[in-house]
There are 2 protein chains.
Amino acid sequence: METIGIADTGKTHMNTRDLQYVLAVAEHRSFSRAAQACHVSQSTLSGQIKKLEEWLGVALFERTNRRVMPTEVGESIIRSAARILRETDQIREIAMSAQDPLSGRFRIGAFPTLATYVFSKLVSLIKTDLPNLRLVLVEEKTDHLVAMLRSGDIDAALLAMPVHDDSLVCRQLFEEPFLVAMPTGHPLAEEPVIDVHRLAHYPLLLLEEGHCLRDQALDVCQQHGMRVDQDVRATGLETLRQMVRAGTGITLMPRVAVRDDDGIIYRELAAPAPTRSVGLFYRKTSAKRSVIQRIDPLLSRLAASEQQAA
Amino acid sequence: METIGIADTGKTHMNTRDLQYVLAVAEHRSFSRAAQACHVSQSTLSGQIKKLEEWLGVALFERTNRRVMPTEVGESIIRSAARILRETDQIREIAMSAQDPLSGRFRIGAFPTLATYVFSKLVSLIKTDLPNLRLVLVEEKTDHLVAMLRSGDIDAALLAMPVHDDSLVCRQLFEEPFLVAMPTGHPLAEEPVIDVHRLAHYPLLLLEEGHCLRDQALDVCQQHGMRVDQDVRATGLETLRQMVRAGTGITLMPRVAVRDDDGIIYRELAAPAPTRSVGLFYRKTSAKRSVIQRIDPLLSRLAASEQQAA
DNA sequence: CTTTAGTTATCGGTAAAATCGATGTACAAC
DNA sequence: GTTGTACATCGATTTTACCGATAACTAAAG
């Protein structure tokens, strides 16, 4: 029969197997040899090719008993089929190389007053322990990070606890005390350890709205009846540090941000010292849990070294 | 379960249907809506995606009850899947547009002493009647054309009959008488119609080996005891014509090649005049039979106009 | 002309896969 | 809690792919 007109074969979709059959026939120029190559019976291969041809409404091959050759359309379609099979191979390759989740991309976020001090160390730890992991670092304020976590824009985030979001789970990493930062010559600098109540006399400099460090500091203030310098809103922790050095006031500073610094004196607070708790957050459903499980101990080591440095 | 490790799902091949499922989920960000869009039940779609994921060994989507989002690998694979579906669409388009065989490529051959005189007319006929047909013309000697026909390098050929090849079929087009071509002033020119036996006195100029016109002329010679000028072997019909004009000798010329020509006189041969029969040859199994059936009448008209011109 | 060896096409039965509908399970909102 | 809504799972059914045997055909050899 001529292959004009559309036969309803009930077939709805193409199968890569069929395309391989087609390519095999095109290559071997024989149904039976192609069938051997595909490890199916000749009848199966003939039948499948026939169905495909009926579905397409065109003959892919011109059959002689001595020879099988592609038709003109067949040639075009064979080229397309080859492209498709290359692409399916690529899918398998993508999947294969992703079998090892440690060689993928991992997007992790941290809020600004932590990110600066943690990311560089995190990067060097990851580089040695998980060299194939492509790390993407995101420094955003906490609210934004939570939104990104939920929408899948990042895989994990270092956040100050607590964060109330049922779709997320958390592993606590370290508890970090706040220290008092003051300019050299400040009256409080005379004591090696400062009782929180002493701070009531000195209005605290804070970061602008939205920074969780601001909220944490505000918490401390409210608990101990401290005052806040309402006129100053620093945009970043380093700016805040400069202000302290310039004698504008004093502030609370998380320990990660503490460093030897001309013009500034850091003093611990007396127990029970106010702290902030940092945890690693990720979606309960995250597909990257295996990566997270590997990163977790690294972060713990990082946390331990922080404690030790103090 | 984590998607690490290779699960043997018995699955062997990818189906475009599955890829459409994947794309639908990626688009609708929901299994149930995707299922609706694909006109299958949600259970089917879930099951198929799951099987695909197991086969690939990676999760394509991260599922929450409120949200479905592609994993990192998922994104890559979704892009590949989109490319594959585009390509399968193209296959269908190729097949569709080939439904009309009259818009394809048609490769036709003719032997040299015919091609020159027939192809130009054939082209103009096709251009008006089958404007979408892309015509490829091949001028080769008969043996080569037969080989090309058999191997599928051309779809049809105009050949001098008979051609003995069981894989080919033939439709006779026209029977073409040979005329005698001689220089002006030749003794034979005095008669309006020449009896074949008169030619015995004048050795015939012939084409070189391999040309079917040579074989045809040799046949005529043997049948009527004519002689051949063994020293001359023209490489083409126009060369032969120049030789005749130069007075080198006389020759037989098929009527298609006859034209008003200074220095040459053509004379018909007395009945039963020797002829050559030209037919259209194509493979029994040719996928282009529908095109051939449309070209056939055009060739007949061409043949008729030849007869009439005489 | 008959035989033989090689090809593709076809048929019936069987194994496997896709599908459906119903149900299970988890989560979020109220 | 309760309800609503999502995805996962299960068993029965339909559809599909597959095989083996065989038919139909061709080319070449006897």
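Values reported hereafter were calculated over all heavy atoms of this structure, with side chains retained and with hydrogens, waters and symmetry mates removed. Within every chain, numbering begins at 1; the chains are lettered A, B, ... in the order of the sequence lines, protein sequences first and strands thereafter.
Under a cut-off of 6.0 angstrom, the local environment of CZ in R294(A) is sparse, with at most 12 non-hydrogen atoms contributed by other residues, nucleotides or ligands.
Whole-Å rounding puts the E62(A) CD to dT8(C) C1' distance at 14 Å. In this structure, the NZ atom of K50(A) is 11 Å from the C1' atom of dT8(C), given to the nearest Å. Rounded to a whole Å, the CD atom of Q36(A) is 15 Å from the C1' atom of dC19(D). Atom-to-atom, CG of L19(A) to P of dA17(D) comes out at 13 Å; the value is rounded to the nearest Å. Atom pair N15(B):CG and dT15(D):P shows a separation of 17 Å (rounding to whole Å applied). The distance between atom CD1 of I49(A) and atom P of dT10(C), rounded to the nearest whole Å, is 14 Å. Atom P of nucleotide dT8(C) and atom CZ of R33(A) are separated by 8 Å, given to the nearest angstrom. Whole-Å rounding puts the L45(B) CG to dA17(C) C1' distance at 16 Å.
Comparing F31(A) and H39(B) along DNA chain C, the residue whose closest nucleotide (by nearest heavy atom) sits nearer the 5' end is F31(A). Along DNA chain D, the nucleotide nearest to R63(B) and the one nearest to K284(B) differ in position, and the one closer to the 5' end is contacted by R63(B).
Inspection of the T113(A) and R276(A) side chains reveals an N or O donor paired with an N or O acceptor under 3.5 Å.
As judged by a 4.0 angstrom heavy-atom cut-off over every strand, R17(A) is placed among residues touching the sugar-phosphate backbone only. The residue F61(A) sits apart from the nucleic acid: no heavy atom pair falls under 4.0 Å. Within the 4.0 angstrom heavy-atom criterion, only backbone atoms of the sugar-phosphate kind lie near S32(B); the bases stay farther away.
Note on R107(B) versus D155(B): salt bridge recorded, some NZ/NE/NH1/NH2 to OD/OE distance being below 4.0 Å. Using a 4.0 Å cut-off between charged side-chain N and carboxylate O, E209(B) and R214(B) make a salt bridge. The existence of a salt bridge linking R150(A) and E62(B) is excluded, since no basic side-chain nitrogen approaches an acidic carboxylate oxygen closer than 4.0 Å.
The base of dA9(C) sits within donor-acceptor range of the side chain of Q42(A), with an N or O pair under 3.5 Å. For Q48(A) against dA17(D), no side-chain N or O and base N or O form a donor-acceptor pair under 3.5 Å. The base of dG20(D) sits with one of its N or O atoms less than 3.5 Å from a complementary donor or acceptor on the side chain of S43(A).
For dC27(C), the OP1/OP2 oxygens have no side-chain nitrogen or oxygen of S167(A) closer than 4.0 Å.
Checking dT16(D), dA28(C), dT19(C) against the side-chain heavy atoms of K51(A) singles out dT16(D) as nearest. Of the candidates dC18(D), dC20(C), dT10(C), the closest approach to any side-chain atom of T44(B) belongs to dC20(C).
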